[in-house]
There are 2 protein chains.
Amino acid sequence: MTESASSARDADAVSRFVESFAAQLVEAGMPRMPARVFAALLSSDEGSMTSAGLGEQLRISPAAVSGAVRYLAQTHMVSREREPGSRRERYRVRGDQWYEALTNRDAVLKRWEQALREGVTSLGADTPAGRRMSETLAFFEFLESELAELMERWRVHREKTFGPE
Amino acid sequence: MTESASSARDADAVSRFVESFAAQLVEAGMPRMPARVFAALLSSDEGSMTSAGLGEQLRISPAAVSGAVRYLAQTHMVSREREPGSRRERYRVRGDQWYEALTNRDAVLKRWEQALREGVTSLGADTPAGRRMSETLAFFEFLESELAELMERWRVHREKTFGPE
DNA sequence: CCTTAACTTCACAAATTTCTGAAGCACGCG
DNA sequence: CGCGTGCTTCAGAAATTTGTGAAGTTAAGG
């Protein structure tokens, strides 16, 4: 009795957290379904769930799960695993992997830098606007190199605090 | 002749850059109009434009300018200035200000941390999910402190490269 | 004061995005 | 080899977001 009451409360608590954390992610610009799926994975005990499980907890169609997972996989926030001997698939959030994804807006940064370089060229490096853009470009290049070092420091810090993976 | 041809080409070049840079910002999650307005300001020689000027260059209504500027001001990407003795207002992108805005997702980070803390509590700090969340929380706290130092290093680096503001 | 320029707000129309149900495909299992 | 499960794709419905015109507000200038 206590047992079932407690697991019911847990499911509810999990769901509340999932939705509220997903809401924050959405507000930061992540599409809704990926955000919800990601939050669900993050709060699962295994760190992974099946497609069916996700659909059930979030009350969404298999199609929605599929779309959300595709997004998350493309952005390297989760990885897909086949369950051996079954058509089932598990989606997993791997500790190290998604921290990097968060900061590895590398692709994004690269494209911004490219756009800025074109801007400097086409506006003229000797114009005020061109100079402002050069500086902006320098900032992004700085940022890019710093982020790599930052992640390295995190790995060290993490290992000290939480022990090896 | 050469003069007018050259300024025509400039206007065109500016516009092309504005739109292409704005597109990158949009892809990174910024709403369209704010992105375009910001890009326009960034590539103006003064680093500032009037509402009318923005409307004209971007071919959008005063209402759209108003909305975009409100967004940008709230997120500290631009500041508003009154032109003395006129009802005109100028919107300005100040070098130091918007770098910080970019990294000062501080508000966002703070809310994520809050959500994660609630997650740890409600899922139980001793559960596997709870532990994963604690680690995530630690990552954000780490990130927050690192970002402050990173910006400080940038200020130094910038001053060396570009000279004092 | 009254006029009018400049920005803002509001309600609505349009465009875009998002999610679903249904059909399709692939593969493990009997 | 074919059945059935489980994921994916697709077309369309629904909801959300976005941008506009029009009315509203504030304040400069006569």
Side-chain angles (χ1 to χ4, degrees), chain A residues 15 18-19 22-41 44 46 48-75 77-93, chain B residues 15 18-19 22-41 44 46 48-75 77-93:
Chain A
S15 182
V18 165
E19 296 306 333
Q24 302 297 329
L25 295 173
V26 168
E27 214 160 322
M30 189 184 299
R32 177 185 306 270
M33 283 298 128
R36 295 180 71 209
V37 166
F38 182 73
L41 288 173
S44 70
E46 282 74 19
S48 76
M49 293 179 75
T50 66
S51 179
L54 286 166
E56 190 186 340
Q57 161 157 16
L58 302 174
R59 302 302 193 86
I60 57 181
S61 70
V65 174
S66 176
V69 162
R70 176 171 36 199
Y71 176 98
L72 292 169
Q74 269 177 358
T75 56
M77 303 276 287
V78 310
S79 55
R80 328 163 78 111
E81 301 178 353
R82 286 256 168 66
E83 287 191 333
S86 159
R87 269 150 305 188
R88 284 222 161 142
E89 210 152 9
R90 295 192 76 81
Y91 307 115
R92 152 151 309 184
V93 44
Chain B
S15 182
V18 165
E19 296 305 334
Q24 302 298 330
L25 294 173
V26 167
E27 213 161 321
M30 191 184 302
R32 176 184 307 270
M33 284 296 128
R36 296 181 70 208
V37 166
F38 182 74
L41 289 173
S44 69
E46 282 74 19
S48 75
M49 294 179 77
T50 67
S51 178
L54 286 167
E56 191 186 339
Q57 162 159 16
L58 302 174
R59 303 302 192 88
I60 56 181
S61 70
V65 174
S66 176
V69 163
R70 175 174 34 201
Y71 176 97
L72 291 169
Q74 270 177 358
T75 55
M77 302 276 287
V78 311
S79 55
R80 327 164 78 111
E81 301 178 356
R82 283 258 169 67
E83 286 190 333
S86 159
R87 270 148 303 193
R88 285 224 161 140
E89 211 153 9
R90 294 193 78 82
Y91 307 115
R92 152 151 311 189
V93 44

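By convention in this document, chain letters (A, B, ...) are assigned in the order of the sequence lines, proteins followed by strands, and residues within each chain are numbered from 1.
- Each side-chain hydrogen bond (donor to acceptor under 3.5 Å, both in side chains) pair with one or both residues in residues 26-41 of chain A, not counting sequence neighbours, appears once here: A:Glu19-A:Arg36, A:Glu27-B:Arg111.
- B:Glu83 pairs by the side chain to side chain contact (heavy atoms under 4.5 Å, CB included) definition with B:Thr50, B:Ser86, B:Arg88, B:Arg90, not counting sequence neighbours.
- By the salt bridge (charged side-chain N to carboxylate O under 4.0 Å, His left out) test, A:Arg80 is found to be paired with A:Glu89, residues two or more places apart in sequence or in another chain being considered.
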I'd like a table of atom pairs between the protein and nucleotides 27-30 of chain D - only N or O on both sides, under 3.5 Å - with the distance next to each one.
residue: D:dG29; atom: OP1; partner: B:Gly85; partner atom: O; Å: 3.0

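- Taken residue by residue, residues 61-71 of chain B places heavy atoms nearer than 4.0 Å to DNA chain D at B:Ser61, B:Ala63, B:Ala64.
- Here the closest heavy-atom approach between residue A:Val26 and residue A:Ala35 is recorded as CG2-CB, 3.8 Å.
- For the pair A:Met49 CE and D:dC7 P, the computed distance is 12 Å after rounding to whole Å.
- For the residue pair A:Phe38 and A:Leu25, the shortest heavy atom distance occurs at CD2-CD1, 4.0 Å.
- Among residues two or more places apart in sequence or in another chain, the salt bridge (charged side-chain N to carboxylate O under 4.0 Å, His left out) test is passed with B:Glu81 by B:Arg92.
- Between B:Ala68 and B:Val37, the shortest heavy-atom distance links the atoms CB-CG2, 3.6 Å.
- Within 4.0 Å (heavy atoms only), A:Arg36 reaches no atom of the nucleic acid at all.
- The terminal axes of the helix from C:dC1-D:dG30 to C:dG30-D:dC1, fitted over 5 pairs per end, subtend an angle of 10° to the nearest 10°.
- With sequence neighbours excluded, no residue forms a side chain to side chain contact (heavy atoms under 4.5 Å, CB included) with B:Pro62.
- Chain B approaches DNA chain C over the interval C:dT4 to C:dT9, counting the first and last nucleotide 5' to 3' with an atom under 4.0 Å from its heavy atoms.
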Show which side-chain atoms of residues 52-61 of chain A pair as donor or acceptor with protein atoms under 3.5 Å away, not counting sequence neighbours.
residue: A:Ser61; atom: OG; partner: A:Ala63; partner atom: N; Å: 3.4
residue: A:Ser61; atom: OG; partner: A:Ala64; partner atom: N; Å: 3.2

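- For A:Arg80, counting side-chain heavy atoms from C-beta on, the closest listed nucleotide (D:dT18, D:dG6, D:dT8) is D:dT8.
- Between the CD atom of A:Glu83 and the C1' atom of D:dT5 there is a distance of 13 Å, rounded to whole Å.
- Residues meeting the ring pair (Phe, Tyr, Trp, His ring centres under 6.0 Å) test with A:Tyr91, sequence neighbours left out: none.
- Counting heavy atoms from C-beta outward, A:Met33 and A:Tyr71 have side chains that stay 4.5 Å or more apart.
- Remark: A:Thr75 pairs with no residue by the side-chain hydrogen bond (donor to acceptor under 3.5 Å, both in side chains) rule, at least two apart or across chains.
- Pairing each heavy atom of A:Met49 with each of A:Ser44, the nearest pair is CG-CB, 3.9 Å.
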